Amino acid sequence: MGFSGHLVFARGARSVLEASVLGGAEGELRDAVHAWPSRPGGWQTLQVDHGLWEDEHLGALVERTGAPACVADVSDSDIALVTGWGTDGQRWQAWLNLDTAAALLAEEPEDLDDTSLWVDTPEFDEAVRRKRAELERDVPADARGALAWAAAAGVPTGAEQARIEELLRTHETFVEELFSVLLDELGFPPAPDESPEP
């Protein structure tokens, strides 16, 4: 079973980010937050267990840190909906692992009694194809939003929109890895122990 929860990416010390996410909670709640290795420039990813993050935390985090931030809402390490928020209030969103997201988000028939029977039908395949096409149409705008957000964060992004679009169409077994690669490609320097070998 994979990870379900949130990956919170922002600039600031872990204590500041935890206070923003958890409201200064102690004990068991702190045990539900795991820090990834810090990236240069004070950028930090916190892995927050399911049930602790609320949507309104993102705006509060941006306000508190004075820097753009994003959060990936991860489901069983299979898919993630990434939402970025800038200091100017601009938002962007993008799905990671589009094929899996399309299967999960496909519109079910109103008279459906048993989903397990539906997933093996041509009707399901068609519903997934329609949802995939819908998500695909959003990819260029999602990539533009991600690039504008990274530029507002002050990172020297040399990424081409086509590369970000390609990444948003990519599939990884663990969506957490895809989230990390997205941050790399947007121009955020990798954590020192994640740097490529010389």
Side-chain angles (χ1 to χ4, degrees), residues 1-10 21 32 34 36 45-62 68-86 89-150 159 161-186:
M1 187 163 163
F3 169 72
S4 289
H6 294 84
L7 302 175
V8 181
F9 181 72
V21 172
H34 311 282
W36 288 13
T45 299
L46 296 183
Q47 183 172 311
V48 181
D49 288 351
H50 179 72
L52 296 179
W53 181 263
E54 301 292 338
D55 289 341
E56 62 269 11
H57 289 162
L58 186 56
L61 180 60
V62 168
C70 72
V71 62
D73 184 351
V74 178
S75 178
D76 202 22
S77 292
D78 290 331
I79 64 168
L81 177 61
V82 182
T83 302
W85 193 294
Q90 292 295 313
R91 286 184 56 192
W92 64 275
Q93 286 190 311
W95 284 99
L96 300 181
N97 280 349
L98 285 187
D99 291 333
T100 308
L104 181 71
L105 300 170
E107 189 174 335
E108 297 177 354
E110 291 180 20
D111 59 349
L112 184 66
D113 291 330
D114 187 347
T115 358
S116 64
L117 298 176
W118 183 56
V119 296
D120 291 328
T121 66
E123 292 81 9
F124 173 76
D125 293 341
E126 177 58 23
V128 170
R129 187 197 61 72
R130 281 193 309 272
K131 180 52 80 172
R132 177 67 166 85
E134 179 185 318
L135 295 174
E136 175 68 33
R137 282 191 297 275
D138 294 337
V139 166
D142 297 345
R144 280 192 303 276
L147 285 163
W149 172 83
Q161 181 171 330
R163 173 63 185 128
I164 301 302
E165 288 182 25
E166 177 187 341
L167 190 62
L168 294 178
R169 293 180 178 106
T170 301
H171 180 84
E172 286 288 337
T173 303
F174 297 101
V175 77
E176 299 93 311
E177 293 173 11
L178 192 53
F179 178 69
S180 186
V181 171
L182 175 63
L183 296 173
D184 293 346
E185 291 292 335
L186 287 172

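Since we're looking at a predicted model, the values are computed, not measured.
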How far apart are the closest heavy atoms of [X] and [Y], and which atoms are they?
X: Leu135; Y: Ala101; value: CD1-CB, 4.1 Å
X: Trp85; Y: Gly89; value: NE1-CA, 3.7 Å
X: Asp142; Y: Leu168; value: CB-CD1, 3.9 Å
X: Gln161; Y: Pro140; value: NE2-O, 3.2 Å
X: Gly86; Y: Pro68; value: CA-CB, 4.2 Å
X: Thr100; Y: His171; value: OG1-CE1, 3.4 Å

Start with the C-alpha gap between Trp149 and Gln90, add the side-chain angles, then the distance that decides, and say whether side-chain contact (heavy atoms from CB on, under 4.5 Å) holds.
-> CA-CA 8 Å; Trp149 172 83; Gln90 292 295 313; over 6 Å; no
Using a strict cut-off of less than 4.0 Å between a Lys/Arg side-chain nitrogen and an Asp/Glu carboxylate oxygen, indicate whether Glu134 and Arg130 qualify as a salt bridge.
->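 No.
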Got a salt bridge between Arg169 and Glu166, using NZ or NE/NH1/NH2 to carboxylate O under 4.0 Å?
->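 No, this pair does not count.
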Looking at residues at least two apart in the chain, or sitting in another chain, which of them share a salt bridge (Lys or Arg N to Asp or Glu O under 4.0 Å) with Asp49?
->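 Salt bridge (Lys or Arg N to Asp or Glu O under 4.0 Å) check on Asp49 returns nothing, list empty.
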Passing option when Trp95 is tested against Leu105, Val82, Asp138, Leu104 for side-chain contact (heavy atoms from CB on, under 4.5 Å) =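 The option that passes is Leu105.
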Just how far is it from atom [atom1] of [X] to atom [atom2] of [Y], taken to the nearest 0.5 Å?
X: Thr170; Y: Ile164; atom1: OG1; atom2: CD1; answer: 10.0 Å
X: Glu177; Y: Leu96; atom1: CD; atom2: CG; answer: 12.0 Å
X: Phe9; Y: Leu61; atom1: CZ; atom2: CG; answer: 11.0 Å
X: Thr45; Y: Phe179; atom1: OG1; atom2: CZ; answer: 5.5 Å
X: Cys70; Y: Leu182; atom1: SG; atom2: CG; answer: 7.5 Å
X: His6; Y: His57; atom1: NE2; atom2: NE2; answer: 10.0 Å

Would a 4.5 Å heavy-atom cut-off, applied to side chains only, mark [X] and [Y] as touching?
X: Leu167; Y: Leu178; value: yes
X: His34; Y: Phe3; value: no
X: Asp73; Y: Thr83; value: no

Test log, rule side-chain contact (heavy atoms from CB on, under 4.5 Å), inputs Lys131 and Glu107 | CA-CA 8 Å; Lys131 180 52 80 172; Glu107 189 174 335; over 6 Å; no
Is the backbone of Glu172 close enough, under 3.5 Å, to the side chain of Asn97 for a donor and an acceptor to pair up by distance?
->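 Such a contact is found between Asn97 side chain and Glu172 backbone.
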Would a distance-only check, ignoring hydrogens and angles, find a side-chain to backbone donor-acceptor pair under 3.5 Å from Asp76 to Ser4?
->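 Side chain of Asp76 to backbone of Ser4: no pair is present.
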Take Leu58 and Trp53 through the test side-chain contact (heavy atoms from CB on, under 4.5 Å) and record every step on the way to the result.
-> CA-CA 9 Å; Leu58 186 56; Trp53 181 263; 3.9 Å; yes
